[in-house]
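Report on the structure given below.
Start at 1 with the first residue, then count along the sequence.
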Amino acid sequence: MFREEHGRAVAVLVGLFGDIDVAEESVQDAFLAAVERWASTGVPASPAGWIITTARNRAIDRLRRESTRDDRHAQAALLYAGDETIEELDEESVVRDDRLRLIFTCCHPALAPAVRVALTLRLLGGLTTVEIARAFLVPEATMAQRLVRAKGKIRDARIPYRIPTETELPERLRSVLAVVYLIFNEGYRATSGDRLAREDLCREAIRLGRLLAALVPDEPEVMGLLALMLLIESRRGTRTTSEGDLVLLGDQDRSRWDRELIAEGQSIVRQCLQRNDPGYYQIQAAINAVHSDAPSAAETDWRQILALYDQLLALAPTPIVRLNRAVAVAEVRGADTALALVDYPVFHVVRADLLRRLGRTSEAVAAYDAAVARTENAVERGFLLRKRQSLLALLSS
């Protein structure tokens, strides 16, 4: 209940009072009251309405106690004179708009990307400060300070709590999608630590993606991001062995991929194709749809994947897109052609594999050494060290 309704309740309260701290603390008070009362009275007919009504009343009481200005007291009195209960929430109007406003506020470009992620997880995801700090491997006090500073910046910089105008929407929406994707990527491939993935962050990113898709269903890139996350998530159970060791895509047991997630993701991809308005996330989703179509790694349609990467490269000529395209080039045109495309120090892992395939074993070992030195994830480091060791065995034989 807390996970599902926290973001909605905070969004409505911010809309009523214009203060994130007041909203967040009042919603927390309401959930505490629910824990104490529902055990004896039972869950009300409209739990979300009960939470929001209780939170609103707690906020009004707090503002009355703390009020030192007539205008604030008058505001609290006016709100208190309104409806006593919120039995039904109109998801298509008030709540929908309040959630969108809160999403765009949390993901405002004036905030640093890492802060946008933390604030979104806190206010919309309902994750505790402890959970967010654990996810990003920082002390709880550090994360608490970041969140306080972020809310202070929203207040001091007067970042507007509103849905962007039609002309602002594309740029602002990109920021929102980037935040959700960052959350998913951190969950799917943890930056550091002794686990490859953090499943709770993946689940939360997909939940936020579904929320966005419900709020702005006519935005194809929103649908593309949701499809991309679903298709990648479908493989999560096969990415590591029972001992926790990394398993590459080509070696995964495809019979264990989640067919329900694949079917949903592919259905969304088909809807995106019908719109004929390709974008960054939609093309990545289409690439993953091709992978999910292949019964085995050997049957993968690499030519189609390469064509999609060519299209993606035209839209986003970034180093990571070039790197992933080079992997497809290796499958279609050979490792020697691909190697010329990744002759950069940052691409050590791919270079190591291409050098191995070309029989340039000593150079491959050096590339693996460079890759090991640049990862803080224990699972990835173990995988790279095993690859390096197998090459050393070849050299000594």
Where the side chain of [X] meets the backbone of [Y], is there a donor-acceptor pair that is under 3.5 Å apart?
X	Y	value
N324	I320	yes
Q282	D277	yes
T41	R37	yes
R101	G15	no
E233	C202	no
E221	Y281	yes
T300	A297	yes

Any Lys/Arg nitrogen of [X] or [Y] sitting under 4.0 Å from an Asp/Glu carboxylate oxygen of the other?
X	Y	answer
R357	E331	yes
E24	R122	yes
D29	R62	no
R356	D353	yes

Can you find a heavy atom in the side chain of [X] that is under 4.5 Å from one in the side chain of [Y]?
X	Y	result
P44	W38	yes
L261	L231	no
L111	K153	yes
P295	R254	no
V176	L212	yes
F184	R203	no
I262	R235	no
V138	R146	yes

* Could you walk me through whether R275 and E219 pass the salt bridge (Lys or Arg N to Asp or Glu O under 4.0 Å) test, one step at a time? => CA-CA 10 Å; R275 292 173 183 262; E219 291 292 336; over 6 Å; no

* Asked: So which of R388, K387, R351 actually passes salt bridge (charged side-chain N to carboxylate O under 4.0 Å, His left out) with D369?
  ->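 Of all the options given, the one that passes is R388.
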
* Are W302 and H291 close enough that their ring centers fall under 6.0 Å? -> yes

* To do: Start with the C-alpha gap between D245 and T240, add the side-chain angles, then the distance that decides, and say whether side-chain contact (heavy atoms from CB on, under 4.5 Å) holds.
  => CA-CA 5 Å; D245 296 331; T240 56; over 6 Å; no

Smallest separation among heavy atoms of [X] and [Y], with atom names:
X	Y	result
C106	T120	CB-OG1, 3.6 Å
M143	A133	CB-CB, 3.8 Å
I305	A328	CG2-CB, 4.1 Å
P317	R322	O-NH1, 3.0 Å
S175	R116	OG-NH1, 2.9 Å
L228	N288	CD1-ND2, 3.3 Å

Spacing of [atom1] belonging to [X] relative to [atom2] belonging to [Y], to within rounding of 0.5 Å:
X	Y	atom1	atom2	result
D336	L355	CG	CG	11.5 Å
L123	L102	CG	CG	5.5 Å
R155	D21	CZ	CG	7.0 Å
T128	L121	OG1	CG	10.5 Å
D61	R58	CG	CZ	8.0 Å
I103	L211	CD1	CG	4.5 Å

Looking at [X], I want to see if its [atom1] is surrounded by more than 12 non-hydrogen atoms of other residues, nucleotides or ligands under 6.0 Å.
X	atom1	result
E260	CD	no
N276	CG	no
R303	CZ	no

Between [X] and [Y]: side-chain donor-acceptor atoms closer than 3.5 Å:
X	Y	value
Q284	Y181	yes
S296	E299	yes
Q266	D293	yes
W257	S292	no

Do [X] and [Y] land in one hydrophobic cluster if side-chain heavy atoms of ILVMFWY residues count as linked below 4.5 Å?
X	Y	value
L119	V148	no
L249	L306	no
L273	L308	no
V130	I183	no
I52	V35	no

* **Y188 six-ring centre to R239 NZ/CZ under 6.0 Å and within 45° of normal** =>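 Yes.
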
* Going through the distances and angles, do V14 and V10 end up as a side-chain contact (heavy atoms from CB on, under 4.5 Å)? -> CA-CA 6 Å; V14 174; V10 169; 4.0 Å; yes

* Begin with the C-alpha distance, continue with both residues' side-chain angles, and end with the deciding distance and a verdict on side-chain contact (heavy atoms from CB on, under 4.5 Å) for F104 and L173. => CA-CA 8 Å; F104 282 108; L173 188 58; 4.2 Å; yes

* How are the rings of H6 and F2 set relative to one another: parallel (under 30°), tilted (30 to 60°) or perpendicular (over 60°)? -> tilted

* Which is it for L248 and F383 under the side-chain contact (heavy atoms from CB on, under 4.5 Å) test, yes or no, and what are the steps along the way? -> CA-CA 10 Å; L248 294 181; F383 172 81; 3.5 Å; yes

